[in-house]
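Take a look at the structure set out below.
Just so it is clear: chains get the letters A, B, ... in the order the sequence lines come, proteins before strands, and each one is counted from 1.
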Amino acid sequence: MKQVLDGNEAAATAAKLARVKVVSAYPITPQTTIVEKLAEFIANGELDAEYIKVESEHSALSACIGAAATDVRTFTATSSQGLMLMSEILFVASGLRLPIVMTNVNRSLSAPLSIWCDQQDSMAVRDSGWVQLYCENNQEILDTTLQAFRVAEELLLPVMVCFDGYILSHTAEPIEIPEQAEVDKFLPVYKFPNPLDPEKPVTMGPLGVPEYYEEFRYMLQEAMHASKEKLVEVDKEFKKRFGRYYGLIERYRSDDADVILLTMGSLSSSAKEVVDTYRKRGEKVGLVKVRSFRPFPVKELIGALGQAKAVAVLEKDISLGSAGGLFLDAAASFINVKPAPLMLNFICGLAGRDVSPLQIKEAVRAAAKAAETGKVRRAVRWLGLREKVVGLKV
Amino acid sequence: MKVEPIEEELVAPGHRACAGCGCILAMRYALKALGKDVIVSMATGCMEVVTTPYPETAWRVPWIHVAFENTAAVASGIEAALKVLGKKHVKSVAIAGDGGTADIGLQALSGAIERGHNFLYICYDNEAYMNTGIQRSGATPYKAWTTTTPIGKVKRGEDRPKKDLPAIVAAHGAPYIATASVAYPLDFIKKVKKAAAIEGPTYIHVHTPCTPGWRIDESKTIEVARLAVLTGSWVLYEIEQGKLNVTFKPPKRRPVVEYLKLQGRFRHLTDEDISEIQRAVDEQCKRFGIG
């Protein structure tokens with residue numbers, strides 16, 4: 001059945017189809033309509049779940065932890081400052097190996113205060129032991145959220161489904177809604193091994209003495225690595241059942257490209273348009289989209305980018321004092337690999353600023369020049385920067 | 001109500017609590033009152049650390065620790081899950097120290113009580129951040145020495161009175177709130193049983209001396225805790241459906257100096273300080289109708 005849904009409705013619909021039993025959430029722009037929609041589903045009896053209207057995002061995730069450990073499927077959603085407030089608990093959720101699924105509607109971080117889209121929020125918590133998947137459109141949001149529950153519960157890892165605020169969250173598209181019966185076959189009933197149960201007492205979250213802590217972290221890292229294979233496996237099964245497949249990365253006209261744009265999220269759609277205009281002129285420009293940022297698809301990127309002359313990484317985040325997070329990981333993927341493409345980083349679209357085709361072309365031109373000369377003059381640049389505002393000479 | 005603590009030790013011996021620890025006694029008594037059908041969520045703090053050095057645990061009931069400030073939120077999630085699973089016989093019990101309750105955990109506690117979850121929250125109050133090495137909390141009493149309220153040339157000990165946590169919880173309209181002391185175990189156990197049986201958010205605040213933090217002899221824990229009650233410094237009461245009931249009135253109130261003088265944290269007090277504290281205790285007792 002097709003319905004016209006915005007990204008937030010798609011996420012809420014996926015949580016409903018997954019038959020989540022405890023929703024624990026706090027309103028924050030631009031995520032709010034997800035938790036409103038879920039409240040509506042519950043109020044209308046369309047979703048049989050407890051809804052904990054917590055007093056903060058910190059408590060939202062804390063309550064999810066309590067519920068998930070007591071053996072029920074949980075869901076929460078947040079954005080930006082909310083994600084920052086729960087950041088302490090993100091690490092605990094993964095350390096406790098609780099398969100919580102959360103939507104993060106990407107929004108910039110204060111200060112200055114901004115409610116508009118970029119990916120600084122989820123990028124800031126990339127080390128928290130959560131699988132991070134970035135969506136390009138609303139169909140992908142619904143499908144990825146359903147897949148997230150399977151991956152989370154089979155590997156005992158929390159999964160964060162990220163998508164761009166407003167650009168996707170508040171933009172409606174016709175999307176295919178799977179039948180409940182089909183989803184039930186895809187997603188079995190939640191079963192957490194060794195839950196909190198008086199019949200069989202367990203201690204969760206003990207004091208980890210130095211003799212053991214490192215092994216706990218190692219096992220978590222191993223699970224994150226294993227999630228790569230699991231994501232592919234679940235994706236394939238999803239395709240069999242529902243006909244759609246996404247991959248860890250998407251290669252778009254990139255196989256023979258000399259210059260490749262590397263992107264995440266909705267920016268990928270705009271950049272694909274630009275790729276098409278170059279291809280029409282016979283220029284070998286392609287795009288690779290990263291869908292799974294954690295685990296980071298090192299092998300897949302080496303395969304997809306290795307033959308290019310230059311890669312332009314476009315991203316809506318910045319690790320202040322360094323470079324963009326996607327760029328850093330993409331560059332590190334080639335640390336011991338030859339041949340390796342030259343890499344350029346373009347910070348763009350912060351706090352909802354439009355990334356225009358002209359700006360994307362500017363990135364392509366710079367990468368093409370690097371490919372031609374074999375030199376990168378400046379690795380990290382900002383696109384669309386209003387030079388006058390920051391006192392730079394134009 | 002007849003008090004029948006169970007024989008079984010659900011908080012096992014072999015934990016790492018200090019000799020003479022008042023807090024671990026509170027844990028033991030609480031579980032004797034609650035029995036097996038509980039899920040305990042515990043804040044970071046002394047009791048969490050001393051009972052669960054991996055791979056050992058003192059807990060013979062399901063137990064989870066998540067962080068410092070969110071115990072009440074974790075307990076909310078557990079309660080919601082128990083509701084979903086239809087496990088009506090299992091109680092969600094949150095346990096935290098005074099720092100985890102009065103300071104960093106106050107927001108989560110307030111939210112959970114206001115939402116009306118069916119859970120019991122027990123605050124074990126040793127009147128400072130003892131796990132990190134005796135720093136003052138909102139529950140530290142007036143004039144007490146701690147490492148962050150040292151006895152200096154200009155400032156001498158804690159300069160603010162103790163935060164009245166049970167009153168804050170009472171302002172939320174919780175159906176049952178009680179104070180207790182490890183020196184009065186049957187009173188404590190009775191209150192825990194009562195609180196656990198009530199559907200809705202209930203709160204017990206138990207006074208638990210800390211031997212290193214209060215600078216008291218390891219053999220004096222109960223004596224000191226009892227003197228807190230006998231001097232009127234700590235009042236044992238319950239508030240049931242808004243109705244106050246003082247559960248123990250000291251027959252003849254002893255002067256507060258008897259309580260203070262056993263504790264090194266009050267060693268620096270002048271006669272004037274002691275008189276000031278006595279006046280505050282007198283006022284408190286008047287409010288509770290204690291002579």
Residue, of B:Ala81, B:Pro62, B:Ala108, that accumulates the most heavy atom pairs under 4.5 Å with chain A: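 Among the listed options, the one with the most contacts to chain A is B:Pro62.
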Contact leader toward chain A among B:Pro55, B:Ser41, B:Ser76, where contacts are heavy-atom pairs under 4.5 Å: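 Answer, by heavy-atom pair count under 4.5 Å with chain A: B:Pro55.
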Please determine if [X] and [Y] form a salt bridge, counting it only when a charged side-chain N lies under 4.0 Å from a carboxylate O.
X: B:Lys87; Y: B:Asp37; answer: no
X: A:Lys21; Y: A:Glu50; answer: no
X: A:Arg217; Y: A:Glu214; answer: no

In this structure, are over 12 heavy atoms from other groups packed under 6.0 Å from A:Asp184 atom CG?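 Atom CG in A:Asp184 is packed in, count exceeds 12.
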Does a donor on one side chain sit under 3.5 Å from an acceptor on the other, for [X] and [Y]?
X: B:Ser137; Y: B:Asp98; result: yes
X: B:Thr52; Y: B:Trp63; result: no
X: B:Glu48; Y: B:Thr44; result: no

Atom group of [X] that falls short of 4.5 Å from chain B, counting heavy atoms:
X: A:Leu61; answer: neither
X: A:Val22; answer: side chain
X: A:Ser24; answer: neither
X: A:Leu196; answer: both

Select all residues of residues 113-136 of chain B having any heavy atom within less than 4.5 Å of some heavy atom of chain A, and report them by number, or 'none'.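 Residues B:Arg115, B:His117 are the ones that qualify, each having a heavy atom under 4.5 Å from chain A.
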For residues 16-35 of chain B, give me every residue with a non-hydrogen atom less than 4.5 Å from any non-hydrogen atom of chain A.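 Residues qualifying by a heavy atom under 4.5 Å from chain A are absent, so none.
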Which atoms of [X] are under 4.5 Å from chain A, going by heavy atoms: the side chain, the backbone, both sets, or neither?
X: B:Lys36; result: backbone
X: B:Val38; result: backbone
X: B:Gln107; result: both
X: B:Val90; result: side chain

Rounded distance (nearest 0.5 Å) linking atom CD of B:Glu56 with atom OG1 of B:Thr51: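 Going from the CD atom of B:Glu56 to the OG1 atom of B:Thr51 covers 11.0 Å.
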Would you call the rings of B:His207 and B:Trp214 parallel, tilted or perpendicular if under 30° counts as parallel and over 60° as perpendicular?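 Geometry flag for B:Trp214 against B:His207: tilted rings.
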Got A:Arg19 and A:Tyr190 here, is their nearest side-chain heavy-atom distance under 4.5 Å?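 No. Closest side-chain heavy atoms not under 4.5 Å.
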Evaluate side-chain contact (heavy atoms from CB on, under 4.5 Å) for B:Tyr176 paired with B:Val169, printing each intermediate quantity in order. CA-CA 9 Å; B:Tyr176 185 82; B:Val169 178; over 6 Å; no
Given A:Leu96 and B:Ile64, is the side-chain contact (heavy atoms from CB on, under 4.5 Å) satisfied, shown in steps? CA-CA 10 Å; A:Leu96 292 174; B:Ile64 185 169; 4.2 Å; yes
